[in-house]
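Have a look at the structure below, then the notes.
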Amino acid sequence: MLRFALTRFVSLTLSLLIASLVIFAVIEVIPGDPARYMLGINASEDAVAALREQLGLNDSLALRYLDWLGGMLTGDFGLSYTYKVPVSELVMQRLWVSLPLALYALALSTLIAIPVGLIAAARRGSAADYSIMGATQLGIAVPNFWFAMLLVLIFAVTLRWFSAGGFPGWDAGFWLGVKSLTLPAFALALPQASILARVMRSALIETLGEDYIRTARAKGLSRRQATVRHALRNAMIPVLTIIGLQFSFLLAGAIIIENVFYLPGLGRLIFQGITQRDLIVVESLVMLLVFAVILVTFLVDVAYAAVDPRLRRGR
Amino acid sequence: MTKLFTTAAAVALMAGTALAQQDTITVGMQLEPPNLDPTGGAAAAIDEVVYANIFEGLTRFGPDGSIQPALASEWEVSEDGTVYTFTLRDGVSFHDGTAMDAEDVVFSLNRARAEDSTNAQKALFAGITEVEAVDPLTVRVTLSEPNGNFPFNMAWGDAVIVAEETIEQAATTPIGTGPFTFTEWVQGDHVTISRNENYWGEAPALATATFKFIADGNAAFAAMMAGDIDVFPVFPAPELVSQFEADPRFTVIEGSTEGETILAMNNAVAPLDDVKVREAISHAINRQEIIDGAMFGYGTPIGTHFAPHNPDYVDLTETSNYDPEAAKALLAEAGAEGLSLRLMLPPPTYARRGGEIIAAQLREVGIETEITNLEWAQWLEQVFTGKDFDLTIVSHTEPADINIYARPDYYFQYDNADFQALIADLAVESDPEARAAMNKEAQETIANDFVNAYLFQLAKVGVANANIEGLWENAPTQANDLTDVRWTE
Amino acid sequence: MKLPVQLLIGAVLSVFFVAAALLSFIWVPHDVATLTISDKLQGPSPTYWLGTDHLGRDTLSMLMVGARTSIAVAIVAVGIGMAVGVPLGLMAAANRGSLIDEIIMRGNDLIFAFPSLVIAILITAVFGPSAVNAILAIGIFNIPVFARVTRGGALSIWTLDYILAARVAGKGRVRISVEHILPNILNLLIVQGTIQFSLGILAEAALSYVGLGAQPPTPSWGRMLAEAQTMIFTDARLAILPGLAIVAMVLGLNLMGDGLRDLTDPRVRRARA
Amino acid sequence: MIGLESLSLSIHGTPILRDIDLSIAPGKVTGLVGESGSGKSMTALAIMGLLPNGSDVSGAVRLGDENLLNVSERRLCDIRGNRIGMIFQEPMTALNPVKTIGDQVAETLLIHGRAERREARRIAGEKLARVGLGHMPLTRFPHELSGGQRQRVAIAMAIALHPELLIADEPTTALDVTTQAQILDLLNEIVDEEGMSLLLITHDLAVVAGMADHVAVMKEGEIVEQDATEPLFRNMNHPYTKALFAASSHQPDRKPLPVTDAILTADAVVRDYPTARPSLFAPPGRFRAVNEVSFTLGKGESLGLVGESGCGKSTLTRAILGLDPIQGGRITAFEREVGPDFPNALRAGIQVVFQDPYGSFNPRWTVERLVSEPFHLMPSPPKDRRARVAEALTDVGIDPSAMDRYIHEFSGGQRQRIAIARALITKPDLIVLDEAVSALDVSVRAQVLDLIARLQAEHGLSYIFISHDLSVVRSITDRVMVMRAGEIVEEGVTETVFTDPQHDYTRTLIAATPRIPDDWQEDGQHA
């Protein structure tokens, strides 16, 4: 296990290093001067030049890359150009919106998808199966931002059950925070739940066709017992993969939803960072997201091992 | 049944709101300020939060655009117009309790004009040769040449008075002299300010005010409707305003801004260096259609680069009236048929929607356009600095900025020596009547040269709870002065 | 053999939109480049079957031309993904376990690790927003998908005896990949292609919605949604119609993909027989 | 005590079983024999009530005074595992990979409420000991066990509640011959000691001959003949029984060819596989699959290679074909070293036929293209390509008109013939037959063996005949090598090796092979 972890660690570090190079290179070639953006249309040339100097934009590329990389290793992500606060502070603030939102959406999607997929697989070919499959097809086809618009229209404007968006902060009370994340979480969860339910169903159907299910039935297990005691855990492997992928997606991919509900999350921070040419914020955030994805992938691998004993000892 | 329930809920909600919000207010803004230091950035959102609320200058803009005393109670100009002596108010202190005196003024002005200054409007301070503290309540400013605009310059948000000890942290925790003190900033969501109990003037009616940032027009609408926002001084989606007009809970405040929205043309490159082509383009444009289509009727047509609410304004819209036939004739005359031009559009709605309409209108007279949407940073780099464009749409929101036409290196590259001389004279002229005449001449010159196609004066369309009074109607500068804002019930 | 119902429904929906898109090349009810501002925001009428938008353009015509944009972007993006991903996948499978396989697969993982929408935003920030760059952004993320599917499918075929037979017949890896592997994973690729196609339509809509896709005056469904967003309270039709178009097209493609998979998957076929 | 009465079954309208009458006597072993598709397994599943969806079944399955076809699903659950246990063919997939073997055995007890968790685990331990796995911790997972061990776990699960009937559906087909012998012994022992009935389903006549008290022969969904074992073998009243018997002990008619000079020589061949690195920075480990194997094959000779799975036969084959590099020694064919640089023209002299008639052909090619693929080895493909393909097809007994058809239109036996045609197309000197008849039913296998024998005589071919099946190797080879763990343990003239094996392992192999007693065959055999 240690060797497995070590090998993974080396390749993980290498991936991160390559990722950091790519990110830095891409972001540095984005046209647009942060200093001029900050000072606007009437700024004099020497004011812009002075600001460039102040922001360290006149240093060589290599120097700035190394600076950035070195900073990150010591946990110092630098100072945001526009906000003038440490990037880590900005990120932490936003993370307290994005992370709960991602987890909320993931929980919703999992809680909806697993029972639904289970029912569809167990009653394969029944009316329930067909309606579930039809509904999930629809769920996958609906763009989540459009669904979000509809949710706002129904629940915020017409019914007024929820506010149309915004996030009061956790200080305002836990339930208030949860409430304001509910519509966005549903908007995010719908397509994810549809995908997950389908994966769950097909994985389960596949496992139910395995020989050991027949063995279990020959032992006297009922169809339901065989499904719950034998098929479910084996079917969890593909489901786990999707859950892992979805988490990463939800963390970073909520940009549009965050915009619809004007939530101060990571996605919006990236978007703002790009429009404001706050390069250091963008670089650090993208890097962080890539790191999160790689970490989640690693955790999913570990979770596999927990589910499947065949994977426990090395390779 | 459902309807009854909804209505009851709405009534309950409103009653609750009214009671709870007697002296607090939530102000909606489309853009979040990147930081809160008005001397360190150009973003309008900074001034919209801090101007006249947290920070004050020697002078200030009044709601009608007039220049009023602020931290300076009065000022004198020397005979030759080069020395300004400001008398400061007594008993003014910063929010941290330290007194504001002449040294702070000297520091603020010298900092803004220093060589390594990063002030976005450094030009405002360009003529200053010396700033002295005569005594703790008197400041003398010496200019290299007379400047009738100097009190006007000092009213800008970029010229507010700050303290040396606290300026470094102004980006995140601003400390000024204004009627409100900074309370908190939840990045990405809101800024809260509270009443300054030690304010030198009359204390404001509001105990706290929260600026909430909502970029999306829909969300802004929903938040207004839900009562999450009490006032949205510049509502981001004009197409939704009619909904508020129909609703007695709200008042719609329609005012003017200093924003001349123009179709800027690159005067230095062919074929736009030919005045006939520029004239043709000006005649090809139907302003009312743009105002209706892009701004849903909000906006005043203009024929030159000057705000219609200014007493010196001349209506020159007829010079460049909508006349596609004339446009075609002019193009033929200039030998410029079958033109294809690049139209660069920055992000605001007026530009993006207006651009589509203009493209269609130009097509009618035989000019094809290739639209490129740009972010502000790209627009600044490519269009504004790089001057790599044919046409662009932008609103010039700085007040009284016709002088930009005297800068031949300005992005639209209008180079007219007579006009430059005129503006130079204007700068040193302080007689109001002479100034008015010169302003008129300037307006006519650029209109007749068809430097740019002048579209409309950007309207300021705000939406507010009907029970709020004291809001600015117009926007002589980008600010949300909350000093006199109060609830009526 | 009986065609699966979902394949039929899917094919009908997809063909409907493709036909509308093709028709738009030769005929639309109203020219979408002409603005009739005096006719703005009209409801459905005999002149404008589905009404007009805020600039007085005919919604039906916009939807038809928008279908063209969506389909074109999605097809080219999938094309890029296939053109690059399939050879990479074949190469990786043919050299299983080698350094080249490792590099290709790690490269794939790396692309997967990047948040796609963020990268799309970055790409458009670098090159400017346009349909071409939207294609590029969507296409890049299609590459690892196809590489993976290809490699997975190819690996299982490489274990079959007829590959050994081909090697005994003296054929090299490239030749075997082209002659034996590719034709036998084609059904996999078609199914995946259909799915990626529908994802491409969703991605194009999302990118256009945030203003990074097709640029005006080119109509696109995502842009129509973005423009109609603030109209949802006054004229919900404008926000609902393009959304429905996206849903119907994506639904059609997904149903078709699933139907094709059922049709080509021998396991399902056996169960059906 | 279990009786099938006029059991008929159709699935989605396709008739599968017709009027099956069979009674399974208590404490006895009943054998059910038939070729693939004869309906043996469906009969078992019908007894268990585990038929697939769409099944339409009539008749009766009597257990005590109940007809299992009429009782509720809940009642069936009570009976399954409790009164009837069952084991299946594939030990590798029959166990749940994510549960320990102890839990899986204990589950039988738990599910029927016979014991509490702790008690169930104790009994599970006992039952595992009963099937010869006493040394195995209960916490092992199936993937840590060998195939034979897994089949033992499956048996332990099936007998945990001491059922009246145990159904074993091809329980040893997937196992090596020595393992098969052990499992069959175990089953015998259990039936004897516990007095349960065993329904043994197999395609192998020799297995039932050694195990069963009563045998039923199935063909196309019907029982064509049943009787006590010995009388049935002695009498063979039904022609199908006779045919089946004949095929299973078929000896192709062949004479050894005069062997001339060597065409293939292996000299101390070593083939290593890299395995996982033992530690992070250490070089990868090595697994020696073929260890210093040497032999010579003369022209016109038929050389057998026998061994159990994993002994290295297939690895050696791949090395001979020049598909994989070798790490030591050398292989010479036609006086050139076989390896990556082996010229194509010479490669054409060595062709191969694989085991799996389904995986051996690209399903998207026509037969013509499939058969002519080895022409790739020639510098320029022959002009008369179609004629050559037709010739090869005729040679193997396939009508040349098959040329434009696709492979899925052919049966398994026909496919193996086409595979042989493909091997013949370049007129090779040597054909490697890698388990070429192992996947075929006995009657088809007999025909293909005849074909192989005939072709050798007609074309003067040399064969390397690789198989795990000793009787087949015995019938078709001149010389045989016995391989075990990468090494040749015995080599010699086939008859000598089989009648007088020298090595212990060879003896074990021969002893483990089930045989029909010689004295039963007098009447039935016709060559």
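Here is the naming used below: chain letters follow the sequence lines, and residue numbers restart at 1 for every chain.
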Donor-acceptor pair, side chain of T215(A) and main chain of A94(D), under 3.5 angstrom: yes
query: Does CZ in F77(A) sit with more than 12 non-hydrogen atoms of other residues, nucleotides or ligands closer than 6.0 Å?
result: yes
task: May I ask you to name which of T108(D), T93(D), N96(D), L50(D) has the most heavy-atom pairs under 4.5 Å with chain A?
output: N96(D)
- prompt: What residue, out of A216(A), G125(A), A218(A), A231(A), has the most heavy-atom pairs lying under 4.5 Å from chain D?
  reply: A218(A)
message: Holding to salt bridge (charged side-chain N to carboxylate O under 4.0 Å, His left out), I want the full list of residues that pass it with E107(D), two or more places apart in sequence or in another chain.
response: K219(A), R229(A)
field: Note, Y212(A) side chain near P97(D) side chain (heavy atom, < 4.5 Å)
entry: yes
query: Could you state the interatomic distance from OG (S222(A)) to CZ (R74(D)), rounded to the nearest 0.5 Å?
result: 8.5 Å
query: Is it true that atom CZ of R122(D) has more than 12 heavy atoms of other residues, nucleotides or ligands lying nearer than 6.0 Å?
result: yes
query: Who are the salt bridge (charged side-chain N to carboxylate O under 4.0 Å, His left out) partners of R130(D), not counting sequence neighbours?
result: E189(D), E193(D), E194(D)
field: Greater than 12 external heavy atoms within 6.0 Å of Y130(A)'s OH
entry: no
query: Hey, what do you get for NE2 (H230(A)) to CG (L95(D)), rounding to the nearest 0.5 Å?
result: 10.0 Å
statement: Filtered by a 4.5 Å non-hydrogen cutoff, the part of residues 111-120 of chain D contacting chain A is I111(D), H112(D)
- request: Answer with side chain, backbone, both or neither: which region of A158(D) has an atom nearer than 4.5 Å to a non-hydrogen atom of chain A?
  value: neither
message: Using only non-hydrogen atoms and a strict under-4.5 angstrom cutoff, which residues of residues 75-89 of chain D touch chain A?
response: C77(D), R80(D), G81(D), I84(D), M86(D), F88(D)
